[in-house]
Amino acid sequence: MTKKKGGLSTDPYKGVRDFYPEDMYTERYLFDTMKDVVEHFGYEEYSASVLEPSELYESKTSEEIVNEQTYSFTDRGGRRVTLRPEMTPTVARLVAARKRELSFPLRWFSIPNVYRYEKPQRGRLREHYQLNCDIFGVSSVEADIEIIFLAYELMRAFGATDNDFEIRLNHRGVIPETLSLLASKNNLSFPVEKQGDLLRLMDRKEKMDTKKYGSAVRELLGDELAQIVLDNYNPKNVRKLIAETESGKTFLDILEKLEKRGIRNIVHDPHLVRGFDYYTGTIFEVFDTSKENNRSLFGGGRYDNLQDLFGGDPVPTVGFGMGDVTLKDFLETHNLIPEYISTTDLYIAPMSPSYFDFAATLAQKLRRHDLTIAVDYSGKKISDQVKTANKRHVPFVLVVGEEEQKTGMYKLKQLSTKQETIVTEGQVADVVFQALD
Ligand code: HAM
């Protein structure tokens, strides 16, 4: 804790981040790349307030999020309010509110800030930004395929190669159907009322040790059925069984079409569940394959019934949420974060305060040439002003004093190469842009 004697702590609230200009540079890179990719796929941006009525989350999302992770409070008018822990119920609300006017299919995206009261750790904070992309109004597999393809293209746009990540795929219908089939092939039946609990257990499987997982499954299903599930519910067997199930046919179609479209790093993970209750079909998660950061990066899936919340007709929907925290961890692990460059092209350093006016007027004229310019009004020595420019990674410095004012000729210095060019006012922009190109 950073606390000066008698002062407040300068630390941010636990589990949230401050963004200094260099952090914002990276953040902006993430958001710009995200926007660029999704807009190329025809997605349109929407937004909404971070405050939502608490009821929005209470029936159809995730028990863990609602009971343990929401930031909720009662406002001065007695309304229960929640800081959104995810964007999906919000976007479903927006669609429900204008369903008649909107022309489906919709391709929508947003990059909201979302809040979850979690134990802060690597990849898990109490606030993060999350790119949300969703297609509304398409029930065919083409939408599932596009969404997964879009997730893949985003990873590629950030410089990831196929070896750096893996897309794990499953289907909410395939899980119970294969479990029932497995049970019936062994002359047993799978108890429907236990499905929800088994799915929750599967969701935690990766974090549990094998023995603990085994005993929890035994406790839930009884020894006989549990043994069958534990012995046979694995990728190889499930792959054989799914072709016999109804949802399996859709699932295999999606898998095959994605492979045909050139995605090679996709695997069927029969234990992938995803924590939300609203998923109804395809579910997927993108994983980092590196040993140092072997974790889920982001995920999503199909949710065709969330419009129930608002009492309207169903709208088939598929989408995903890509968090900036996990994405940044991935990019750092794979050395894919671009080096910081200042958004300022040129730093004007006046020889003394008597040249401030001249410097300001020159800056204003040069800005019309589309240059980004800061003038140093500190009154410090030129060498110190240059140091400041250097520290801020501003690529060019131009000193103004008596000589410059008299002649209209300027010494433009590129700090990285130390190269100096004598230019007129009209030439500054050309030299800078040429060097930065
Ligand atoms: P989610 O898996 O809960 O899904 O979150 C999506 C992504 O947000 C995660 O994979 C991770 O990148 C990031 N994320 C979640 N919680 C945290 C946290 N505490 N700290 C940092 N990053 C986090 C959803 O939220 C779904 N609503 C996504 C969706 C959209 N499904 C369909 N459409």
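This one's a predicted model, so the numbers in the text were calculated from it and none came from an experiment. In listed order, ligands and their atoms are each counted from 1.
When the heavy atoms of Glu86, Arg116, Arg84 are ranked by distance to atom 3 (O) of ligand 1, first place goes to Arg116. Ranked by closest heavy atom to atom 1 (P) of ligand 1, the top entry among Arg274, Arg124, Glu118 is Arg274. Comparing heavy-atom distances from atom 24 (C) of ligand 1 across Phe284, Phe276, Tyr129 singles out Phe276 as nearest. Taking only non-hydrogen atoms, the option from Tyr115, Tyr117, Tyr278 nearest to atom 26 (C) of ligand 1 is Tyr278.
In terms of polar-atom proximity, defined here as any N/O pair under 3.5 Å, Leu297 does make such a contact with ligand 1. Residue Thr326 places at least one N or O, backbone or side chain, under 3.5 Å from an N or O of ligand 1. For ligand 1, the polar-atom distance check against Gly301 finds no nitrogen or oxygen pair separated by under 3.5 Å. Residue contacts with ligand 1: Glu285 is placed with no nitrogen or oxygen under 3.5 Å of a nitrogen or oxygen of the ligand (distance criterion only).
Thr82 and Thr70 share no side-chain donor-acceptor pair at under 3.5 Å. In this structure, a donor-acceptor pair under 3.5 Å is absent between the side chains of Asp203 and His271. Side-chain atoms of Glu285 and Ser296 include a donor-acceptor pair closer than 3.5 Å. Side chains of Asn113 and Tyr115: a donor-acceptor N/O pair is present below 3.5 angstrom, by distance only. No hydrogens or angles considered: a donor-acceptor pair under 3.5 Å links the side chains of Tyr152 and Asp162.
Residue-ligand proximity: Gly123 is placed with a non-hydrogen atom under 4.0 Å from ligand 1.
Residue, atom and distance of the protein heavy atom nearest to atom 8 (O) of ligand 1 are Gln130 NE2, 2.9 Å. Counting protein heavy atoms only, atom 31 (N) of ligand 1 is closest to Tyr279 OH, 2.7 Å. With hydrogens left out, the protein atom closest to atom 13 (C) of ligand 1 is His128 NE2, 3.4 Å, a heavy atom. Looking from atom 20 (N) of ligand 1 to the surrounding protein, the closest heavy atom is Leu125 N, 2.9 Å. Distance from atom 28 (C) of ligand 1 to its nearest protein heavy atom, with residue and atom name: Gly321 N, 3.4 Å. At the top of the distance list for atom 10 (O) of ligand 1, counting protein heavy atoms only, stands Phe298 CA, 3.0 Å. In this structure, atom 33 (N) of ligand 1 lies nearest to the protein heavy atom Asp134 OD1, 2.9 Å.
Taking every heavy atom of Val325 and a limit of under 4.0 angstrom, the matching atoms of ligand 1 come to 21 (C). Close approach to Tyr303 involves these atoms of ligand 1, each under 4.0 Å from a residue heavy atom: 32 (C), 33 (N). Which parts of ligand 1 touch Asn132 is read off a 4.0 Å heavy-atom cut-off, strictly below it: atoms 30 (C).
Arg367 CZ: more than 12 foreign heavy atoms inside a 6.0 Å radius. For Asp209, the CG atom counts as densely surrounded, since its 6.0 Å shell holds more than 12 non-hydrogen atoms of other residues, nucleotides or ligands. Surrounding CD of Glu224 are at most 12 heavy atoms belonging to other residues, nucleotides or ligands under 6.0 Å away. With a 6.0 Å radius and a threshold of 12 heavy atoms from other residues, nucleotides or ligands, Tyr117 has its OH atom at or below the threshold. Atom OH of Tyr20 sits in a sparse spot, with 12 or fewer heavy atoms from other residues, nucleotides or ligands closer than 6.0 Å. Other residues, nucleotides and ligands contribute only 12 or fewer heavy atoms inside 6.0 Å of the CZ atom of Arg28.
Shown here are the ring-ring contact (aromatic ring centres under 6.0 Å, His included) partners of Phe284, two or more places apart in sequence or in another chain: there are none.
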